[in-house]
Amino acid sequence: MEFTVQQIAEVLGGTVQGDASQGISSLAKIEEAQAGSLTFLSNAKYEPFLYTTGASAVIVGREQELREAVKPTLIRVENPYLAFSQLLEFYAQATRTGKRGVEQPSYFGASSEIGSGHYRGAFSYVGEGCKLGENVLIFPHAYIGDRVTIGAGSIIHAGAKIYSDTVIGQFCVVKAGAVVGTDGFGFAPQPDGSYKAIPQIGNVVLEDFVSIGANATIDCATLGSTRVGRGSKIDNLVQLAHNVEIGQHTVIAAQTGIAGSAKIGDHCVLAGQVGMAGHVTLANKTTVTAQSGIGKNVKQEGTILQGSTAFDFKQNQRAQIVFRRLPELEQRVSELEKAKNATEKP
């Protein structure tokens, strides 16, 4: 499998210094790398190899200074070691199975297309009007609905369900049991107290290099698209409701639930069991700690959020008012204690 330097830089959120069109087909140590390979520099004692390596590209820190000219193209990132580790993980995922071809029984729609180097496992189903790229791997019992698009190098694991009209980019991974594109939870209350289903006629779009964990569920949009941005990673058992939008290179840990039409920015981190209300927006680089509840917009980039306690609504509102005043109250208590101590001194 071959990627361009530019494609790799986009996955890592890095910037390219040099020829971004060069092809990369292997990973190597900096002292052993040859043309066509990618390596990294994170330890200062290996810096001399930066000027002698045969690699086509090297991942380096954003602040890495050059003592002389270098031949390879550089990909500048925040953490070279972490970035290279991510590539190793993706490479292992993409290459650990040598399976190619078609196992039977399986179904492939007559009007669908698939590129070379693909694999379709036994009991897999691909509907009508689908467009699947080169080196797409579809494992046994996976279901691909009608008019689905899947980009080159993407992997659909066993038992995953991809509903009609879903668009999956290049080099994505949808793990076992995940459901992408099912109807959103849309019901209109009726005068008699019952609920009537609202048709969900949108779709789901996964941009390039997205990973969807096992048994995660992503609902299609009511109108338009539910979207997960390039390079974002969704853990096992995560729920993304209809019309949710996730930015680029955002990570969401297990058992998190995002309600409808919420918008999460780029480079955000949501830890496990986070709950996020509908129509709420998180700014770029927001971090939310485990079991926190998000009920209002976050406009400031880099905000870190923590906490969620549920009890009687009116009591909670009063408690929140007191809670916000705790620093002020603490200061007043401290001042009163100092004044009391001063008057008690002989």
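In this text, all values refer to a predicted model and were calculated from it rather than measured experimentally. Residues: numbered from 1 along the sequence shown.
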Within a 6.0 Å radius of atom NZ on Lys263, are there more than 12 heavy atoms belonging to other residues, nucleotides or ligands? yes
With rounding to the nearest 0.5 angstrom, report the CD to OG1 distance, Gln34 to Thr39. 11.0 Å
Looking at Asp219, is its backbone amide N or carbonyl O close enough to the side chain of Thr182 to form a donor-acceptor pair, meaning the two atoms are under 3.5 Å apart? no
Tightest non-hydrogen contact, residues Gly295 and Ala277, listed as CA-CB, 4.2 Å
Write out all pairs satisfying salt bridge (Lys or Arg N to Asp or Glu O under 4.0 Å) with one or both partners inside residues 130-143, taking only residues at least two apart or from two chains. none
Can you name the nearest heavy-atom pair linking Val16 to Gln6, along with the distance? CG2-OE1, 3.8 Å
Quick check on Gln104: does its CD atom have over 12 non-hydrogen neighbours (other residues, nucleotides or ligands) under 6.0 Å away? yes
Please tell me whether Ile156 and Tyr143 are part of a single hydrophobic cluster in this structure, the criterion being side-chain heavy atoms less than 4.5 Å apart. no
Side chain to side chain contact (heavy atoms under 4.5 Å, CB included) between Thr256 and Val288, worked out: CA-CA 11 Å; Thr256 289; Val288 185; over 6 Å; no
For Ser225, enumerate each residue passing the side chain to side chain donor-acceptor pair (under 3.5 Å) test, keeping only those at least two apart in sequence or located in another chain. Asn203
Do Val5 and Ile24 make a side-chain contact, defined as non-hydrogen atoms from C-beta onward lying under 4.5 Å apart? yes
Please work out which of the three classes, parallel, tilted or perpendicular, describes the rings of His157 and Phe139, given edges at 30° and 60°. parallel
Using modelled atom types only, decide if a donor and an acceptor are shared between the side chain of Asn135 and the backbone of Ala152 within a distance under 3.5 Å. no
For Ala178 and Gly213, which heavy atoms make the closest approach, and how far apart are they? CB-O, 3.5 Å
Would you give the length of the straight line joining atom CZ of Phe171 to atom CD1 of Ile155, rounded to the nearest 0.5 angstrom? 10.0 Å
Sequence neighbours excluded, every pair satisfying salt bridge (Lys or Arg N to Asp or Glu O under 4.0 Å) that has a member inside residues 224-252: Glu10-Arg230, Glu207-Arg227, Asp208-Arg230
Are any of the side-chain heavy atoms of Leu137 and Arg100 separated by less than 4.5 Å? yes
By side chain to side chain donor-acceptor pair (under 3.5 Å) - contacts of Glu31 (at least two apart): none
With rounding to the nearest 0.5 Å, note down the distance linking CD1 in Ile8 to CG in Leu27. 7.5 Å
N/O donor to acceptor pairs below 3.5 angstrom from side-chain atoms of residues 329-338, sequence neighbours left out:
unit_1, atom_1, unit_2, atom_2, d
Gln331, NE2, Glu335, OE2, 3.4

Under 3.5 Å, side chain of Gln239 to main-chain N/O of Gly257, donor-acceptor pair present? no
Between the side chain of Ser232 and the main-chain N/O of Val210, is any donor-acceptor distance below 3.5 Å? no
Is a side-chain donor-acceptor pair under 3.5 Å present for Gln306 with Ser292? no
Taking the side chain from Thr73 and the backbone from Ala57, do they hold a donor-acceptor pair closer than 3.5 Å? no
Thr286 versus Ile294: any side-chain heavy-atom pair under 4.5 Å? no
Answer whether the closest heavy-atom distance between the side chains of Ser106 and Tyr125 falls below 4.5 Å. no
Please step through side chain to side chain contact (heavy atoms under 4.5 Å, CB included) for the pair His267 and Asn284, ending with a clear verdict. CA-CA 6 Å; His267 302 284; Asn284 296 340; 5.8 Å; no
Do the non-hydrogen side-chain atoms of Ile218 and Thr166 ever get within less than 4.5 Å of each other? no
What residues, two or more places apart in sequence or in another chain, satisfy side chain to side chain donor-acceptor pair (under 3.5 Å) together with Asn236? none
Hydrophobic cluster mates of Tyr195, side-chain heavy atoms under 4.5 angstrom, ILVMFWY only, any path? Phe185, Phe187
Remaining members of the apolar cluster that contains Val60, side-chain heavy atoms under 4.5 Å: Ile30, Leu41, Tyr46, Phe49, Leu50, Tyr51, Val58, Leu66, Val70, Leu74
Does anything in residues 179-188 form a salt bridge (Lys or Arg N to Asp or Glu O under 4.0 Å)? List the pairs, not counting sequence neighbours. none
Identify the two heavy atoms, one from Thr250 and one from Cys268, that lie closest to each other, and give their separation to 0.1 Å. OG1-N, 3.0 Å
Glu328, CD atom: more than 12 neighbouring heavy atoms under 6.0 Å: yes
Are the side chains of Val238 and Leu270 in contact, using a 4.5 Å heavy-atom criterion? no
For residues Ala160 and Lys175, report the shortest heavy-atom separation together with the two atoms involved. CB-O, 3.9 Å
Donor-acceptor under 3.5 Å (Arg76 side chain, Gly61 main chain): yes
Just grab all the salt bridge (Lys or Arg N to Asp or Glu O under 4.0 Å) pairs involving residues 139-159, residues at least two apart or on different chains. Arg147-Asp165
Start with the C-alpha gap between Asn43 and Tyr81, add the side-chain angles, then the distance that decides, and say whether side chain to side chain contact (heavy atoms under 4.5 Å, CB included) holds. CA-CA 9 Å; Asn43 190 322; Tyr81 183 79; over 6 Å; no
Test your reading of the model: is there a side-chain donor-acceptor pair from Thr289 to the backbone of Ile304, 3.5 Å cut-off? no
Counterpart residues, salt bridge (Lys or Arg N to Asp or Glu O under 4.0 Å), relative to Glu32 (two or more places apart): none
Among all residues two or more places apart in sequence or in another chain, which pass the side chain to side chain donor-acceptor pair (under 3.5 Å) test with Arg62? Glu78
Nearest-0.5 Å distance that lies between atom CD1 in Ile258 and atom CG in Leu282: 7.5 Å
If you round to the nearest 0.5 Å, how far is CE of Met276 from CD1 of Ile252? 8.5 Å
Inspect the surroundings of CD in Gln190 and state if more than 12 heavy atoms from other residues, nucleotides or ligands are less than 6.0 Å away. yes
Is there a donor-acceptor pair under 3.5 Å between the side chain of Asn297 and the backbone N or O of Lys299? no
Going only through I, L, V, M, F, W and Y residues with side-chain contacts under 4.5 Å, is there a path from Leu87 to Phe209? yes
Count I, L, V, M, F, W, Y as connected when their side-chain heavy atoms are under 4.5 Å apart, and connections chain through other members. Are Val179 and Val174 then in the same cluster? no
Here the pair of heavy atoms bringing Val126 nearest to Ile138 is CG2-CD1, 4.0 Å
Tell me if a side-chain donor or acceptor on Ser112 pairs with a main-chain N or O of Cys130 at a distance below 3.5 Å. yes
Would you say Ser154's side chain and Val173's backbone share a donor-acceptor pair under 3.5 angstrom? no
Starting at CD1 of Ile234, measure out to CG of Leu240 and round the result to the nearest 0.5 Å. 5.0 Å
